[in-house]
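Worksheet: one structure, shown below.
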Amino acid sequence: MKILVTGADGLVGNAFRRISETYTEHEWIFATSSTCNLLIQPDVYHMLNVNRPDVVIHLAAKVGGLYMNIDNNLEMYKANVDINTNIIEGCVEYDIPKCFLCLSTCVFPDRSCDSFTEEDLHMGEPHDSNNGYAYAKRQAEILSRMHMKAGCATKFYCISPTNMYGPNDNFSIINGHVIPALIFKAYKIYTSESESSLPVIGSGNALRQFMYVDDLAEVIMRLISYDGPERHFIVAPNTEHSINQVAKMICKSMKIHDMLVHTPVQTEGQRRKFANANKLLSLPCMDDFQFTPVEEGIQKTVDWVKANGANMRH
Ligand code: GFB
């Protein structure tokens with residue numbers, strides 16, 4: 001198959017560059033912001049028309065952690081609606097057989113009491129800290145579903161991963177997600193050989209399901225030949241960790257003092273957002289699949305940072 005990956009310079013995009021070395025039977029096209037500006041519709045149409053892939057894995061997005069979203073909800077909404085609409089309309093225009101759209105578990109209704117499944121996607125307001133990003137991702141699910149109802153040739157699948165981390169992440173302390181941000185802070189302590197404590201924003205009691213990014217690439221490759229009736233899959237391990245627990249794991253992996261200092265903050269976002277991935281995990285193609293334990297994923301990421309510290313995005 002000819003597989004076109006958008007957002008190929010990002011966290012998940014680089015995981016597909018790695019996994020392409022295993023899935024050599026496919027022809028891979030890696031699209032980045034420098035090869036195609038997804039905000040410009042004619043450029044997107046040209047890319048799809050020239051390449052005519054069998055599958056589009058659409059990963060590109062304007063994305064960031066809690067504190068980036070809070071201050072940029074309008075931009076996050078507008079940019080992601082435009083990017084997703086151009087890709088979806090382009091796939092329909094050129095009858096691209098399959099397209100995987102990457103959503104996120106943060107787009108689901110803000111319900112920290114119990115868990116949610118794919119069917120809950122539109123059943124309530126998302127958390128206000130990231131409603132721009134959330135509604136833009138929900139729009140992609142709606143637009144693709146309506147095109148399929150209208151009889152387009154493209155089969156669209158929505159993939160909702162939980163919080164991810166790994167090599168090639170955005171390690172920005174301001175815009176990054178919690179694990180890369182904490183790893184960057186720990187790396188600065190490690191390189192300065194100081195005894196300082198690791199700064200954690202807020203109480204650190206929020207709970208999250210964390211997934212090592214290569215696991216998502218493996219899951220999507222297992223779904224690439226899926227031909228069943230389902231169109232939306234949550235991808236998440238059934239385990240939750242508090243921010244304080246992962247902060248301690250980061251200190252251990254970085255071999256620095258595991259003392260944390262908590263900085264007071266306006267909001268810590270959602271206290272919990274437990275996503276139920278049983279629909280995916282019940283598929284035969286997932287029989288022998290194991291998620292990477294968080295301790296192991298964090299160690300791999302810390303080792304990557306120690307080896308690539310100078311070039312990492314931050
Ligand atoms: O990963 P994160 O930025 O995003 O934050 P969300 C997770 C939790 O970590 C919050 C706490 O409770 C933060 O208060 N935290 C502690 C920190 N220290 C830090 C730090 O140094 N940096 C950051 N960033 N957090 C995002 C959504 O929500 O989830 C995005 O805003 C995206 O749209 C992503 O979908 C998956 O998990 O709260």
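Start at 1 and go down the list; that is how both ligands and their atoms are numbered. For reference, positions follow the sequence shown, starting with 1.
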- Message: Between R52 (side chain only) and N49 (backbone N and O only), is there a donor and an acceptor less than 3.5 Å apart?
- Response: yes
- Task: Would you check whether T267 has a nitrogen or oxygen atom less than 3.5 angstrom from a nitrogen or oxygen atom of ligand 1?
- Result: no
- Message: When you measure from the heavy atoms of Q270 to every atom of ligand 1, does any distance fall below 4.0 Å?
- Response: no
- Message: Among all the protein's non-hydrogen atoms, which is closest to atom 29 (O) of ligand 1, and how far away is it?
- Response: K273 NZ, 3.1 Å
- Item | G176 near ligand 1 by a heavy-atom separation under 4.0 Å | yes
- Message: Does ligand 1 come near enough to Y133 that some N or O of the ligand is less than 3.5 Å from an N or O of the residue?
- Response: no
- Query: Would Y135 and Y77 satisfy ring-ring contact (aromatic ring centres under 6.0 Å, His included), going step by step from the backbone distance to the final call?
  - Reply: CA-CA 7 Å; Y135 279 125; Y77 178 77; 7.3 Å; no
- Query: At under 4.0 Å between heavy atoms, which part of N130 makes contact with ligand 1: side chain, backbone, both or neither?
  - Reply: side chain
- For the rings on Y212 and Y165, is their centre-to-centre separation under 6.0 Å? yes
- Query: Heavy-atom contact under 4.0 Å between M164 and ligand 1?
  - Reply: no
- Task: Using a strict cut-off of 4.0 Å, indicate which atoms of ligand 1 neighbour a heavy atom of C106.
- Result: 30 (C), 32 (C), 33 (O), 35 (O)
- With atoms numbered from 1 as shown, which atoms in ligand 1 lie under 4.0 angstrom from a non-hydrogen atom of K185? 20 (C), 21 (O)
- Item | Atom indices of ligand 1 within 4.0 angstrom of H177 heavy atoms, with elements | 1 (O), 3 (O), 24 (N), 32 (C), 34 (C), 36 (C)
- Message: Distance under 4.0 Å to a non-hydrogen atom of S104: what atoms of ligand 1 satisfy this?
- Response: 35 (O), 36 (C)
- Note on the structure: Contact region, L66 to ligand 1, non-hydrogen atoms below 4.0 Å, reads both
- Query: Is there a heavy atom of G269 sitting under 4.0 angstrom from any atom of ligand 1?
  - Reply: no
- NZ/NE/NH1/NH2 to OD/OE distance under 4.0 Å, D9 and R17: yes
- Message: Does Y226, at its OH atom, have more than 12 non-hydrogen atoms belonging to other residues, nucleotides or ligands within less than 6.0 Å?
- Response: yes
- Item | Ion pair check, E240 and K273, cut-off under 4.0 Å | no
- Message: I need the contact type for V178 against ligand 1. Using non-hydrogen atoms and a strict under-4.0 Å cut-off, is it side chain, backbone, both or neither?
- Response: both
- Query: Quick one: nearest non-hydrogen protein atom to atom 20 (C) of ligand 1, plus distance?
  - Reply: I201 CD1, 3.5 Å
- More than 12 non-hydrogen atoms from neighbouring residues, nucleotides or ligands closer than 6.0 Å to CD1 on I174, yes or no? no
- Query: Applying a strict 4.0 Å limit to heavy atoms, is G64 in contact with ligand 1?
  - Reply: yes
- Task: Report yes or no: does G202 have a heavy atom closer than 4.0 Å to ligand 1?
- Result: no
- Message: Quick check on contacts: which atoms of ligand 1 are under 4.0 angstrom from a heavy atom of A206?
- Response: 12 (O)
- Message: Measuring only between side-chain heavy atoms, which start at C-beta, is M47 closer than 4.5 Å to T35?
- Response: no
- Item | K62, NZ: over 12 other non-hydrogen atoms inside 6.0 angstrom | no
- Query: Are more than 12 heavy atoms from other residues, nucleotides or ligands located less than 6.0 Å from atom NE2 of H232?
  - Reply: yes
- Task: Please say whether more than 12 non-hydrogen atoms of neighbouring residues, nucleotides or ligands are located less than 6.0 Å from CD in E119.
- Result: yes
